[in-house]
Amino acid sequence: HALSSAAALRQLLLRQPGASVPSLAWALLAATWRNDCQASISIDAVLSTAAGAAYTIARRPRFGAALLALSPLISPAASLALFAAAEERRHELNAARRAHVD
């Protein structure tokens, strides 16, 4: 996400050499709301990212915060998938330990 946004800003800067980065960033943000379809996609992305972040941080605060920090690089969906995989592995290891002790 962060890298694609930076690439889009760079392309805009190359096309409009006199424009400032803040004005171009605002233009990118405003473009999100140009039509209903894009607005729907944007709202869904924001809400699902917030829900995933809240869930991971509520379940395991430090690990969830670390994944949240990585979200711009690996995407929020990948962060949530990594969290779910790590949780499943942790449950499997705990079940194996309990079975071994019994």
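Computed from a prediction, not measured in an experiment: that's the story for all the values here.
- One finds the CZ atom of Arg90 at 10.0 Å from the CG atom of Leu93 (value rounded to the nearest 0.5 Å).
- To the nearest 0.5 Å, the span separating CG on Leu80 from CG on Leu68 amounts to 11.5 Å.
- Residues that satisfy the side-chain hydrogen bond (donor to acceptor under 3.5 Å, both in side chains) test with Ser79, not counting sequence neighbours, are Ser71.
- Every residue meeting the side chain to side chain contact (heavy atoms under 4.5 Å, CB included) condition with Ala78, not counting sequence neighbours, appears here in chain and number order: Ile74, Ser75.
- By the salt bridge (charged side-chain N to carboxylate O under 4.0 Å, His left out) test, Glu92 pairs with Arg89, sequence neighbours left out.
- Residues passing the side chain to side chain contact (heavy atoms under 4.5 Å, CB included) test with Asp44: none are found, sequence neighbours excluded.
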Going by atom type alone, with no hydrogens or angles, which donor-acceptor pairs under 3.5 Å involve a side-chain atom of residues 57-66 and a protein atom two or more places apart or on another chain?
residue, atom, partner, partner atom, Å
Arg59, NH2, Glu87, OE1, 3.3
Arg60, NH1, Glu87, OE2, 3.0

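- Residues forming a side chain to side chain contact (heavy atoms under 4.5 Å, CB included) with Leu47 (at least two apart in sequence, or on another chain): Ile43.
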